[in-house]
Trainee: 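Here it is, the structure, as C-alpha cells.
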Number of protein chains: 2
Amino acid sequence: MHSFTEENYLKIIYALSTRQNGEVTTNALAEMTATKAASVSDMLRKLADKQLIHYRKYQGVRLTEEGERQALRVIRRHRLWEVFLVEKLGFGWDQVHDIAEELEHIRSEELVSRLDIFLGSPKVDPHGDPIPTPAGTMPQIEYRKLSDVGVGEEVTIMGVLEHSPEFLQHLDRSGLTLGCAVKVSEISSFDKSVQVHLSAEKSLFVSCEVTRNLLVN
Amino acid sequence: MHSFTEENYLKIIYALSTRQNGEVTTNALAEMTATKAASVSDMLRKLADKQLIHYRKYQGVRLTEEGERQALRVIRRHRLWEVFLVEKLGFGWDQVHDIAEELEHIRSEELVSRLDIFLGSPKVDPHGDPIPTPAGTMPQIEYRKLSDVGVGEEVTIMGVLEHSPEFLQHLDRSGLTLGCAVKVSEISSFDKSVQVHLSAEKSLFVSCEVTRNLLVN
DNA sequence: TATTAAATTTAGACAAGCCTAAATTTTTTG
DNA sequence: CAAAAAATTTAGGCTTGTCTAAATTTAATA
C-alpha cells in the first residue's frame, strides 16, 4: 500500500490532469501540495519508481493506469466521507473538505464498502462531484455551466466547479443550493450577469463569476 | 497539537497505568507500541519536554494532568468511533479496534462533537468501556467480574477485560453478548468453571479464563 | 555484598518528506 | 538564434520516529 503522502500526490495529479489536460507540471503540484518544487521532484521520482506515474524529467507527469486506479480509490473515499459529514453529521458543504482530507486516508476496504452501503450508495458528493466506482473508474456526468444556459430555459443546479468555502457560502446566502430549480429570465449584455428565478416570488442577479462555476442540467 | 505518534504513546501510557497502577516501564511501552526500548526512551524524553509526562530516568513514567487530559481525548475519539462502526456500519465488536485506531487521530473538535450527538451521546463503547467526557475525565463504572459472582445470583453482562478478537469471537459463539442476563447456577470446585443460564432453556459452562474477563452488574 | 543479569539509556544511523541553494534544462524574448 | 528568464532537478541538510550496538543503571542472586 502507499503512504498518506503518496496518496495525496496521486489524488492531486489526477485532479490537475483532468482540469488542464495533458501533462501535469512540477510547479503546479508544488502549489497544490503546499510544498516546494524540489520536494515534488523527489516524490515524482519515487512515484515513477513505483510505476504509478509516467515521468520524463522536465516534461511533466501523467498517471499510469495503476496510478489512476489508486487515485480514484482515494477520491472515492474522500467523497463518500463528505456525504457522511453532510448527510449524517449535518456539516455544511463548505466545511467538509479538510476533514474528508484526513478521513480519505483510512485504509480499510471493509470500512469503505460498509460506509457506501450505510449512505445508500450515493452517486455524487455534496458538491455534485461524481463518486468513483469501487472498481476505480470515474463516472462521467455531462453538465452545462449556468453561464451557457439561454434566456427562458429552466434548469436544476447539479454541481459546482469552484469548491472554496467562500464561494459555497456565497451560494448559501444566495439560496443557490444543489437540486434547486432556476429559470433564466435575463442575461445582461453589459457584464454577462444573469437574472434567475428560484420560485414564483424569488429572483436574483447572479454574477458571471458565479454562473461560470455553477453546473446545471 | 501533538503528533499521531505522541497521541498513541499517551493513550498507551494511560492504559498501562490504570492496568498495573504506579509507574509505567519502558519495556511495557516498547511491547505495546511494537517498537524497541531505545525508541521508547527517545519518545519519553520528548513527551517529558512537552510536560505531558513525569519522567525520571530508569524509574518509569506517569502522565501529568495535561498528559492525562490529552490521552482521554484520544480515548474518547477511539471509543466514539467504535460505537459508530458497530451501531451504524454493522461491524462486529471484534472487528473495530484497528479501524478506530486510525480514526481516533482525526483532529477536529467539531467532528467529535457532531459524531457524539449523532450517536446519541453513548456512555460506553461496544465493549462496555466508558467513554471519557468532552472535558477529559474518565467516568468510573463499578463492575464485578463474573468470576466473583456467587451461585444463584442473576447479573447482566456489561463489559470485557480482554479485547482480543479471539476472546470476543468466543463470546459471540457462546451467546455471551453485552446486555445479556445470566444466572449462575453452579461453580465447579475443581476448575472454577461456572455454569450459567442465559434463558429458561439455554445454559452453558464458562471457563474461569472467561469468567475472569467478563464484567457484570 | 560482590557479581551477574535485566532494564534502560545513549550513540550513531537510516528512511520518509521536507527545505534552501546551486546546477541544469527548457522556454521566452530581444 | 543567442541571451535572459523560468522551470525543474540535484546536492546537501533537517526533523520525526525508528533501529542496532554499546554503555549505564538498577535489580537479582550467589
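Throughout, protein chains are lettered first and strands after them, A, B, ... in sequence-line order, and every chain is numbered starting at 1.
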Trainee: Polar-atom pairs under 3.5 Å, protein N or O versus N or O of nucleotides 13-15 of chain C: list them with distances, or write none.
Mentor:
none

Trainee: State, to 0.1 Å, how close A:F167 and A:E162 come at their nearest heavy-atom pair, and which atoms those are.
Mentor: CD2-O, 3.3 Å
Trainee: Would you call B:E7-B:K11 a salt bridge at under 4.0 Å N-O?
Mentor: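 No, B:E7 and B:K11 are not salt-bridged.
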Trainee: State which residues pass ring-ring contact (aromatic ring centres under 6.0 Å, His included) with A:Y58; sequence neighbours excluded, sorted by chain then number.
Mentor: none
Trainee: May I have the distance from B:N8 (atom CG) to D:dT18 (atom C1'), rounded to whole angstrom?
Mentor: 14 Å
Trainee: Nearest whole angstrom, please: distance from the P of D:dT18 to the CZ of B:R45.
Mentor: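 Distance check: B:R45 CZ to D:dT18 P gives 13 Å.
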Trainee: Return the set of residues passing ring-ring contact (aromatic ring centres under 6.0 Å, His included) with A:H2 (not counting sequence neighbours), or none when no residue passes.
Mentor: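 A:H2: no ring-ring contact (aromatic ring centres under 6.0 Å, His included) contacts found.
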Trainee: Roughly how many Å is it from CZ in A:F4 to C1' in C:dC18, rounded to a whole number?
Mentor: 15 Å
Trainee: Could you check, using the six-membered ring where one of them is a Trp, whether A:Y9 and A:Y14 have ring centers closer than 6.0 angstrom?
Mentor: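 No, the ring centres sit 6.0 Å or more apart.
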Trainee: Can you pull out every side chain to side chain donor-acceptor pair (under 3.5 Å) where at least one residue sits in residues 125-142 of chain B? Sequence neighbours excluded, please.
Mentor: B:E82-B:H127, B:D129-B:H163, B:T133-B:T137
Trainee: Using whole Å, report how far CD of B:E23 lies from C1' of C:dA7.
Mentor: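 Going from CD in B:E23 over to C1' in C:dA7 covers 15 Å.
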Trainee: Rounded to whole Å, please give me the gap between CD in A:E6 and P in C:dC18.
Mentor: 10 Å
Trainee: Starting at atom CG of B:L29, determine the distance to atom P of D:dT18, rounded to an integer number of angstrom.
Mentor: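 It works out to 12 Å between those atoms.
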Trainee: Using 4.0 Å as the upper bound for N to carboxylate O, is an ion pair formed by A:R76 and A:D116?
Mentor: yes
Trainee: List the residues meeting ring-ring contact (aromatic ring centres under 6.0 Å, His included) with A:F205, not counting sequence neighbours, and say none if there are none.
Mentor: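 Per chain and number, A:F205 pairs via ring-ring contact (aromatic ring centres under 6.0 Å, His included) with no residue.
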Trainee: Does the protein touch nucleotides 2-9 of chain D at the base, only the backbone, or not at all? Give it as B, S and - per nucleotide, heavy atoms under 4.0 Å.
Mentor: -----SBB
